[in-house]
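Worksheet for the structure shown next.
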Amino acid sequence: MKIIVNGAELELDVATLAAALEALDYGDAVVATALNGHFVAARARAEAQLAEGDRIEIVAPRQGG
Amino acid sequence: MELYGVEVASRLLLGTAQYPSPAILADAVRAANVDIVTVSLRRESGRLREGQDFWSLIRNLGIRVLPNTAGCHSVGEAVTTAHMAREIFATSWIKLEVIGEADTLQPNVFGLTEAARILSDEGFAVFPYTTEDLVVAERLIEAGCKVLMPWGAPIGSGKGLNNPFGLRALRAHFPDIPLIVDAGIGLPSHAVGAMELGYDAVLLNTAVAKAGDPVAMARAFAGAVEAGRAAYLAGPMESRDMAAPSTPVLGKPVLAR
């Protein structure tokens, strides 16, 4: 199904946010996630079900002022 | 200086963006001897993982981070960013920015107060990037903010203190709230000015990062903040419009021919 990950439309055959992160090779990277604009805690990713057209944001620490 | 119950020695807070290299960023942070640096959250690619090295560098500095919500234009975006920051940085501190205008990057103070209330109620220690407006400041304190961060001038402009009168009034109205001038500082003299007004600290980024020698400039700002604070505590003289001779008039010999 089509999922929008960090603004890019991807074809992903996964059911949950945790599975999406695994499929996208995040491994043990330090990231935080949001699904359709709402924060999803790391511990809740395995229960976060994905549906066609969902928007995922995956972020990491970066330089800031 | 105490910020949300945490005793902080350095009155200079430094941003981590726009340095020529990660090594120069680290050297500048050490040279400035700061206790707090600001950081952000940006999209991460599973393949490139650009944020991981940066995070490792910051962690190795062993200092406190103040994550921001830079670039957020709505309450919802800012709140979600704060939630993500709290998990990833393991801190409830958040530099809350809700931007209202693209050219000046000035805060949307209506969204800011709303987001500040939501986040304060959720237990965040909110550092709101605001203007020098007294009414907005009052609202932010009512919302739960225990620190205020008024701008000196638009972010990245290097213009210094655009409204010293407004900043002085804010200081006078809120003598017990830690006030940090955030944004617009371009020169150490601007930082001195903020501290001489009685501000508790200064937060800056571009002025150091974009200097010809960021490490030397970081050192210069550290000295400036200390000098300004010392001057404030020493009680600056009142300025006046007319001259007043400093050398005694009494006892001057009459030498006119």
Side-chain angles (χ1 to χ4, degrees), chain A, chain B residues 13-19 22 25 37-59 65-71 74 76-77 79-90 95 97 105 129 155-156 182-183 203-210:
Chain A
M1 66 186 159
K2 284 188 174 52
I3 303 285
I4 299 156
V5 180
N6 285 349
E9 192 175 287
L10 301 179
E11 191 63 40
L12 283 179
D13 190 20
V14 294
T16 67
L17 182 54
L21 285 176
E22 200 178 319
L24 293 167
D25 293 329
Y26 282 91
D28 58 358
V30 176
V31 294
T33 50
L35 177 57
N36 297 324
H38 295 280
F39 169 62
V40 179
R43 64 179 182 281
R45 286 177 197 151
E47 286 84 50
Q49 299 292 319
L50 298 182
E52 177 85 17
D54 273 352
R55 289 178 297 111
I56 302 174
E57 291 288 337
I58 305 165
V59 299
R62 204 60 62 83
Q63 295 84 349
Chain B
L13 290 76
L14 204 55
T16 56
Q18 306 185 81
Y19 291 80
L25 159 62
V37 290
T38 53
V39 292
S40 75
L41 288 175
R42 288 294 178 262
R43 284 172 168 170
E44 183 81 333
S45 144
R47 192 169 51 82
L48 300 175
R49 298 194 187 187
E50 292 167 296
Q52 307 302 307
D53 285 346
F54 169 73
W55 183 220
S56 165
L57 179 141
I58 295 297
R59 268 185 305 193
V65 296
L66 175 59
N68 69 28
T69 64
S74 71
E77 277 181 295
V79 168
T80 298
T81 302
H83 288 155
M84 294 196 287
R86 180 162 62 180
E87 179 180 81
I88 218 163
F89 296 111
K95 177 185 165 186
E97 297 182 36
L105 296 179
Y129 165 62
I155 295 170
D182 173 19
L203 196 171
L204 55 93
N205 188 156
T206 313
V208 166
K210 290 295 190 187

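Lettering of chains follows the sequences in order, A, B, ..., and the numbering in each one begins at 1. The figures that follow rest on heavy atoms only: side chains count, while hydrogens, waters and symmetry mates do not.
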Original post:
Could you state the interatomic distance from CG (B:Leu48) to CG (A:Asp25), rounded to the nearest 0.5 Å?
Top reply: 11.0 Å
**OP:** Against chain A, work out which of B:Gly15, B:Gly76, B:Gly46, B:Ala82 has the most heavy-atom pairs shorter than 4.5 Å and name it.
**Re:** B:Gly46
Subject >> chain B contact via A:Ala42 - which portion, at a heavy-atom distance below 4.5 Å >> reply: both
Subject >> Nearest atoms (heavy-atom pairs only) where B:Ala17 meets A:Gly65 >> reply: CB-N, 4.4 Å
Subject >> Exam field: side chain B:Gln52 to backbone A:Val30, donor-acceptor pair closer than 3.5 Å >> reply: yes
Original post:
Is B:Arg49 reaching over with its side chain to a backbone N or O of A:Tyr26, donor-acceptor style, under 3.5 angstrom?
Top reply: yes
**OP:** Identify which part of B:Glu77 has an atom lying under 4.5 Å from any heavy atom of chain A, answering side chain, backbone, both or neither.
**Re:** neither
**OP:** Indicate yes or no: at least one non-hydrogen side-chain atom of A:Asn6 is less than 4.5 angstrom from one of B:Ser45.
**Re:** no
Subject >> Proximal component of B:Phe89, with respect to chain A [non-hydrogen, under 4.5 Å] >> reply: side chain
**OP:** Report yes or no: does B:Thr16 contribute a side-chain atom to a donor-acceptor pair with the main-chain N or O of A:Gly64 at less than 3.5 Å?
**Re:** yes
Subject >> Best-contacting candidate, B:Arg47, B:Glu50, B:Met84, B:Gln18, against chain A by heavy atom pairs under 4.5 angstrom >> reply: B:Met84
**OP:** Check A:Gly37 against B:Thr80 and note the closest heavy-atom contact, atom names and distance.
**Re:** O-OG1, 2.7 Å
Original post:
Is a side-chain N or O of B:Arg42 found less than 3.5 angstrom from the main chain of A:Gln63, in a donor-acceptor match?
Top reply: no
Subject >> Interatomic spacing from OG1 in A:Thr33 to CD in B:Glu87 - rounded to 0.5 Å >> reply: 6.5 Å
Original post:
Do A:Arg62 and B:Glu44 have side-chain heavy atoms sitting under 4.5 Å apart?
Top reply: yes
